[in-house]
Amino acid sequence: MLRINQLRLPIDHSWEELVSKVKKLLRYDGTPQISIVRRSVDARKKPELYFSYVLNITVKNQKEVYRRCDKKQVMILDEVPYRFPAEQYTGAVRPVIIGTGPAGLFCGLMLAKAGFKPLLLERGKSVRERTEDIRKFWETGELNPESNVQFGEGGAGTFSDGKLNTLVKDKYGRNREVLRLFVEAGAPEEILYDHKPHIGTDILCTVIENIRHKIEAAGGSFRFQARVTDILIVNGQVRGVEINGEERLEASYVVLAPGHSARDTISMLYQKSCPIEAKPFAVGLRVEHPQKLINGSQYGSDENLILGNAPYKVTARAENGRGVYSFCMCPGGYVVNASSEAKRLAVNGMSYSKRDGKNANSAIIVSVSLQDYGSDHPLAGIEFQRRLEEKAYCLADGKVPVERYGDYRRAVLGEKQPADETDTAVISKDFAPCIKGEWEYAPVHEILPEELSEAFVDGMEQFGRVIKGFNDGNVLVEGIESRTSSPVRIVRDESLQTCFKGLYPCGEGAGYAGGITSAAMDGIHVAEMVAEHIIKAEEYSR
C-alpha cells in the first residue's frame, strides 16, 4: 500500500478531481483504489479554502509505481489492522463492567465479540429514558441524581457533541478501531478521516443503542438503575459487587469504568484503602459568541455551505504562569446545565450533528495544580470541584448564571483595567445565550478563585488578538465548567489492576482518559488484558 501526504484540493472539488490528482502524482494510468485516512481544512489563504488529505492507495505493480513517483509526498505503508488478542471464548467466566460510558461500552463490546458475555451495570437509565429525564430537568429544574447529563447509558459524552478527536498516541490501532466500530454502529463515515471528527448528540443516542444491541446479540447483558455500592474483596481478590445496597453478585473480574462524576464510587474505593492519587486538571467557564463571528475569523466569510460552522482552538500562557485554553468547543451549539448533585451546578457544551445553532460556545479553562486544592488528601480535588459548583448554584438559585464578559473583566481587573479601555462594538448588546436549562444574569466573576479569574481574563484578552471580537464586552460568560476531567487517579499496575486482583480501573473517571475516544481506547486496552487474564487462569487451572 502507498501513503500520500498533504494532497491539497479546493473544498468544492469532485471525486474525479481527487482521482485525477492522485494519478498525476503517482504517474499512474490505471485505476487506483483510494482510502481517505485524514482530511483537514487548510485556511491559510482564506477565503480560499482547501482540503488537505492523507490517502492510502492500492495500485498494481506497486514497486514500479513507487520507483517513479515523487518521494516527497509518497511513501510505502505496511499497515497492520487491529486484532483483539482473543476470540471464540467458550468458558463460563463472565466479567462485570461497572459503567456504560465509552470506556465501559467499548470494553463490553470487545469482550462480547470474543465470546466472554459481559454483564454491564449502569446506575442510570437507558439512553432514551435518560433523555426524557434530562429534558424534564432542563424545563423544570427537577434533578434526578441518578439520571442526568452525567449518569446514564453512554456517559457524559452522549450529551456533549460526540467529539472524537484525541491526542493519544495510537501505535496499536485502537483509535482507528474505535472509529470503525462507531461507524459500524451508525455513525457517519466521515469520522474515519475528518481531522476533528464528531457525531452529534442526536445521532450519538442511536449509535449508543446500537452498540448495546451488538453486545446483547453477542451474549452480553445490561442492567440499568443498578448502582454499585460496594466492591466485595476477600484476601485481596475481587469476589463480587453489591448493587443498590442490597443485592450481591459474584464476580472475579470487575472493570471499573464509572465516569468522572461518580464521586460516591471513588469515595467508596478510598474507604476500602484502594490506592487513589490526586491529580491536576482544569476548570473554567463557558463563553458564547455569535457563530458568524467565528466563521468570519476562521473561514473569511459568515457561512460556508460545504464546511458548515467553524470550530476554533486557542491556547495561551497567562502572566501568572497558568495555562489557559479552549476545551470542548461546540460550533453552532448550546450550553447545557450538566449538574448531577443537589445544590451544585456544572455546565457543559453540546451540539447536534448539523451544528446549525446561531451561537458558538467553548469552555475557556485554566490549569489547576494540587496546591490549589488546599489539602493533600487524595480526594481534595473533588472537594475543590464541589466548592465551585456550590458557588455557581447559589448565584442563580440553580439556574445557569450568565454574565457579560465586559462586566466580568471590570470586576476582576478593577483598578488594574486601563482607564481608556472601551468595549468593542463587534457584538450587539442584544446578543442572547443558547442554553439548555433555565438561566439568569448573575455575577459569574464570583465563582473562580482570584488567581484563576485573573488567568481567565488574561487568556480572553490574548485570544481577542487572535480572533477579532473574542474578548468583546458583550460575549457571554457562564459557569462553571468543572467536569473537564477527573481530579483523581485510581492507581493500577502494569496488568491494569489495582492492589485488589481482578479490579480493573478504566477510562476517564479512573484518571486514564480525557474524552470519548481516549476513554473508548482505554476500554479496549482493559478488555484485552481481562481476556488474557481469564484465558491464562483457565489454562493454569487445567
Side-chain angles (χ1 to χ4, degrees), residues 82-87 89 93-124 127 152-158 164 166 168 170 172-182 184-185 207-208 210-224 226 228 231 238 241 249 251-260 262 265 486 490 492 495-498 502-535:
Y82 173 82
R83 280 189 172 80
F84 193 69
E87 58 183 13
Y89 173 75
V93 176
R94 194 177 193 196
V96 168
I97 299 170
I98 301 171
T100 62
L105 280 177
F106 276 80
C107 182
L109 181 59
M110 302 310 289
L111 288 171
K113 289 172 64 176
F116 289 87
K117 300 180 181 179
L119 170 62
L120 288 86
L121 303 176
E122 169 56 55
R123 69 189 295 166
V127 69
E153 185 181 21
T158 305
L164 303 178
T166 179
V168 175
D170 184 37
Y172 299 105
R174 298 185 187 114
N175 187 357
R176 189 75 178 173
E177 183 68 2
V178 167
L179 298 178
R180 189 191 69 78
L181 291 169
F182 267 127
E184 195 178 78
V207 170
I208 295 300
N210 290 342
I211 291 175
R212 186 211 319 155
H213 296 327
K214 287 178 179 292
I215 292 172
E216 291 172 333
S221 58
F222 287 70
R223 287 186 59 182
F224 295 106
V228 172
I231 306 289
V238 170
V241 297
L249 179 70
S252 298
Y253 297 87
V254 175
V255 176
L256 181 64
H260 58 50
T265 303
S486 176
I490 304 170
R492 67 187 188 191
S495 70
L496 307 188
Q497 298 174 88
T498 68
L503 182 61
Y504 300 79
C506 180
E508 193 165 343
Y512 294 96
I516 292 174
T517 302
S518 60
M521 290 168 65
D522 196 53
I524 290 177
H525 188 194
V526 169
E528 294 166 359
M529 198 64 75
V530 170
E532 288 183 5
H533 290 172
I534 291 174
I535 291 171

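Residue numbers start at 1 and run along the sequence shown.
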Enquirer: Go through the structure and list residues passing side-chain contact (heavy atoms from CB on, under 4.5 Å) with R223, not counting sequence neighbours.
Expert: L119, L121, A226, I243, E247
Enquirer: Search all heavy atoms of V526 against all heavy atoms of R492 and return the closest pair with its distance.
Expert: CG2-NH1, 3.8 Å
Enquirer: Do the non-hydrogen side-chain atoms of L111 and F84 ever get within less than 4.5 Å of each other?
Expert: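 Yes - at least one pair of side-chain heavy atoms lies under 4.5 Å apart.
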Enquirer: Whether the side chain of E508 engages the backbone of A513 through a donor-acceptor N/O pair (distance < 3.5 Å, no angle test) should be reported.
Expert: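 No; zero donor-acceptor contacts below 3.5 Å.
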Enquirer: Search all heavy atoms of L256 against all heavy atoms of I490 and return the closest pair with its distance.
Expert: CD2-CD1, 3.8 Å
Enquirer: Mind checking whether F224 and E153 have side chains closer than 4.5 Å, heavy atoms only?
Expert: yes
Enquirer: What distance separates I98 CD1 from C506 SG, expressed to the nearest 0.5 Å?
Expert: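 Rounded to the nearest 0.5 Å, the CD1-SG separation comes out at 11.0 Å.
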Enquirer: Which pair of heavy atoms, one from A103 and one from G507, lies closest together, and at what distance?
Expert: CB-CA, 3.7 Å
Enquirer: Are Y82 and I524 packed together at the side-chain level, in the sense that at least one heavy-atom pair is separated by less than 4.5 angstrom?
Expert: yes
Enquirer: Filter on side-chain hydrogen bond (donor to acceptor under 3.5 Å, both in side chains), then keep only pairs touching residues 100-122, sequence neighbours left out; what's left?
Expert: T100-E122
Enquirer: Roughly how far, to the nearest 0.5 Å, is the CG atom of N210 from the CG atom of L181?
Expert: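 Output value for this atom pair is 12.5 Å.
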Enquirer: Is E184 close to L109 at the side-chain level, that is, under 4.5 Å between some pair of heavy atoms?
Expert: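 Not in contact.
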Enquirer: Under a 4.5 Å cut-off applied to non-hydrogen side-chain atoms, are P505 and T498 in contact?
Expert: yes
Enquirer: I need the minimum non-hydrogen distance between S486 and G509, along with the two atoms involved.
Expert: OG-O, 3.3 Å
Enquirer: Roughly how far apart are M110 CE and I215 CD1, rounded to 0.5 Å?
Expert: 11.0 Å
Enquirer: T166: which residues meet the side-chain contact (heavy atoms from CB on, under 4.5 Å) condition with it, sequence neighbours left out?
Expert: V168, N175, T517, S518, M521
Enquirer: Roughly how far, to the nearest 0.5 Å, is CG of L105 from CD1 of I97?
Expert: 8.5 Å
Enquirer: Of all residues at least two apart in sequence or in a different chain, which pass the side-chain contact (heavy atoms from CB on, under 4.5 Å) check with Y172?
Expert: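 Here the qualifying residues are R174.
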Enquirer: Using every non-hydrogen atom in the two residues, find where V254 and A251 come nearest and quote the distance to one decimal.
Expert: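 Reported closest heavy-atom pair: CG2-CB, 3.9 Å.
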Enquirer: Rounded to the nearest 0.5 Å, what separation is found between the CG atom of L120 and the SG atom of C107?
Expert: 8.0 Å
Enquirer: side-chain contact (heavy atoms from CB on, under 4.5 Å), that's the test. Do F182 and I516 meet it? Break it down for me.
Expert: CA-CA 11 Å; F182 267 127; I516 292 174; 4.0 Å; yes
Enquirer: Donor-acceptor pair, Q497 side chain versus G502 backbone, under 3.5 Å?
Expert: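 Checking the backbone N and O of G502 against the side chain of Q497, a donor-acceptor pair under 3.5 Å is found.
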Enquirer: Kindly give the heavy-atom pair with the smallest separation between P102 and G154, and that separation in Å.
Expert: CD-O, 3.7 Å
Enquirer: Does anything in residues 503-524 pair up under ring pair (Phe, Tyr, Trp, His ring centres under 6.0 Å), and if so which pairs, sequence neighbours excluded?
Expert: Y504-H533
Enquirer: Only counting residues at least two apart or in another chain, list the ones meeting side chain to side chain donor-acceptor pair (under 3.5 Å) with R123.
Expert: E146, D264
